Trainee: 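Quick one: structure below, then a few questions.
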Amino acid sequence: MSGNTGTDKEVILTVPFDADELDTVRLTLYGVAVQMGYTYEEIEDLKVALTEACNHALLQTPEKPPGAALRIVFTMRPAELVVRLEGAGCRLSFREADDSAAELPQSASLDDRQFESPRLGLYLMQALVDEVKVESGTGGASDRIELYKRHG
């Protein structure tokens, strides 16, 4: 992925760690993506992928201390949008998304029962955006997930 070229812009959104806040997250994504010129279909793909990432974080994070929040960073680059989701005041867990498990087997079909629900969301994210990266937190830091969607 392209590095910071000095022309990158960031929008940072922090919302309470609550599923009721997902509308705010989606509306913010919509505004950023429209500003960048993404099509309606691309925006819908991004919204579904980000909603899956947020739902995964909400469902897979066992401890939600008071004041916990989701922090979403939208990085607007000339040729792509990068959406990074991480915890603020809590430790998110995306352990199921290591690189070895991230590839959907070529022989997989919708009838395969081998895929667990959390992994299905990760596969869906991969299908909707150009790249999904998961970084494990160290020293008590939160895991983070990044969604990349190229433009143009």
Side-chain angles (χ1 to χ4, degrees), residues 1-61 64 67-106 108 115 117-152:
M1 297 290 97
S2 59
N4 189 333
T5 63
T7 59
D8 296 357
K9 296 182 198 175
E10 283 190 346
V11 173
I12 301 170
L13 176 67
T14 304
V15 296
F17 199 88
D18 188 333
D20 292 339
E21 300 298 328
L22 292 181
D23 284 341
T24 303
V25 172
R26 286 189 290 264
L27 284 170
T28 304
L29 171 63
Y30 178 81
V32 168
V34 164
Q35 182 180 2
M36 291 184 68
Y38 281 93
T39 67
Y40 175 79
E41 190 171 284
E42 291 170 324
I43 293 170
E44 289 302 309
D45 287 349
L46 281 162
K47 283 172 35 180
V48 171
L50 181 55
T51 300
E52 282 297 322
C54 290
N55 281 333
H56 184 86
L58 291 166
L59 293 172
Q60 298 300 316
T61 304
K64 298 167 185 86
L70 291 174
R71 183 173 188 262
I72 302 101
V73 179
F74 303 91
T75 303
M76 297 175 278
R77 296 179 176 162
E80 71 184 349
L81 174 61
V82 181
V83 182
R84 184 175 71 233
L85 173 66
E86 56 196 15
C90 63
R91 186 173 181 347
L92 299 186
S93 175
F94 292 102
R95 282 177 282 204
E96 302 84 10
D98 65 7
D99 287 341
S100 64
E103 293 296 321
L104 183 63
Q106 297 235 345
F115 301 112
S117 177
R119 287 229 173 121
L120 285 175
L122 294 168
Y123 294 137
L124 179 60
M125 285 182 258
Q126 288 180 317
L128 295 172
V129 298
D130 295 307
E131 187 175 353
V132 177
K133 286 186 180 178
V134 176
E135 295 180 18
S136 295
T138 58
S142 178
D143 289 358
R144 71 171 80 181
I145 190 164
E146 294 179 343
L147 309 173
Y148 293 79
K149 186 72 170 176
R150 291 178 195 85
H151 182 60

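Computed over heavy atoms, backbone and side chain alike; hydrogens, waters and symmetry mates excluded. Worth saying up front: this structure is predicted, and the values here are computed from it rather than measured.
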Trainee: Going by heavy atoms in the side chains, are Phe17 and Leu58 under 4.5 Å from each other?
Mentor: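 Phe17 vs Leu58: side chains touch.
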Trainee: Check the pair Val11 / Thr28 against side-chain contact (heavy atoms from CB on, under 4.5 Å), numbers first and verdict last.
Mentor: CA-CA 9 Å; Val11 173; Thr28 304; 4.3 Å; yes
Trainee: Kindly indicate, with the supporting measurements, whether the criterion side-chain contact (heavy atoms from CB on, under 4.5 Å) is fulfilled by Arg150 and Glu131.
Mentor: CA-CA 9 Å; Arg150 291 178 195 85; Glu131 187 175 353; 3.9 Å; yes
Trainee: Counting C-beta onward and ignoring hydrogens, is there a side-chain heavy-atom pair between Met36 and Glu42 closer than 4.5 Å?
Mentor: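 Side-chain contact under 4.5 Å: no.
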Trainee: Give the intermediate values and the outcome of side-chain contact (heavy atoms from CB on, under 4.5 Å) for residues Leu29 and Leu81.
Mentor: CA-CA 10 Å; Leu29 171 63; Leu81 174 61; 3.9 Å; yes
Trainee: Measure the CD-OH distance between Glu44 and Tyr38 for me, rounded to the nearest 0.5 Å.
Mentor: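 With rounding to 0.5 Å, CD (Glu44) is 14.5 Å from OH (Tyr38).
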Trainee: Passes side-chain contact (heavy atoms from CB on, under 4.5 Å), Ile12 versus Glu10? Steps please.
Mentor: CA-CA 6 Å; Ile12 301 170; Glu10 283 190 346; 4.0 Å; yes
Trainee: Going from CD on Glu135 to CZ on Arg144, what distance comes out if it is rounded to the nearest 0.5 angstrom?
Mentor: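 The CZ atom of Arg144 is 5.0 Å from CD of Glu135, to the nearest 0.5 Å.
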Trainee: Does any donor atom in the side chain of Arg84 or Thr75 lie under 3.5 Å from an acceptor atom in the other side chain?
Mentor: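 Looking only at side-chain atoms, Thr75 and Arg84 do not form any donor-acceptor pair under 3.5 Å.
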Trainee: Does any part of the side chain of Leu85, heavy atoms only, come nearer than 4.5 Å to the side chain of Leu147, both counted from C-beta?
Mentor: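 Not in contact.
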Trainee: Given side chains that start at C-beta, do those of Pro16 and Leu70 come closer than 4.5 Å, heavy atoms only?
Mentor: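 Heavy-atom side-chain distance check fails, nothing below 4.5 Å.
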Trainee: Of Val48, Val132, Leu50, Thr51, which is the lone residue that meets side chain to side chain contact (heavy atoms under 4.5 Å, CB included) with Met125?
Mentor: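 Of all the options given, the one that passes is Val132.
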Trainee: When you compare the side chain of Asp45 with that of Lys149, does any pair of heavy atoms fall below 4.5 Å?
Mentor: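 Yes, at least one pair of side-chain atoms sits under 4.5 Å.
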Trainee: Please round to the nearest 0.5 Å and tell me the distance separating atom CD1 of Ile145 and atom NE2 of His56.
Mentor: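 Ile145 CD1 to His56 NE2: 7.0 Å, rounded to 0.5 Å.
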Trainee: For the atom pair CG (Leu128) and NZ (Lys47), what is the distance rounded to the nearest 0.5 Å?
Mentor: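 Between atom CG of Leu128 and atom NZ of Lys47 there are 13.0 Å.
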Trainee: So, taking the atom named CE in Met76 and the one named NZ in Lys9, what distance separates them when rounded to the nearest 0.5 Å?
Mentor: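 So the CE of Met76 and the NZ of Lys9 are separated by 6.0 Å.
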Trainee: How many angstroms lie between CZ in Arg26 and CG in Leu46, if you round to the nearest 0.5 Å?
Mentor: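 It comes to 13.5 Å.
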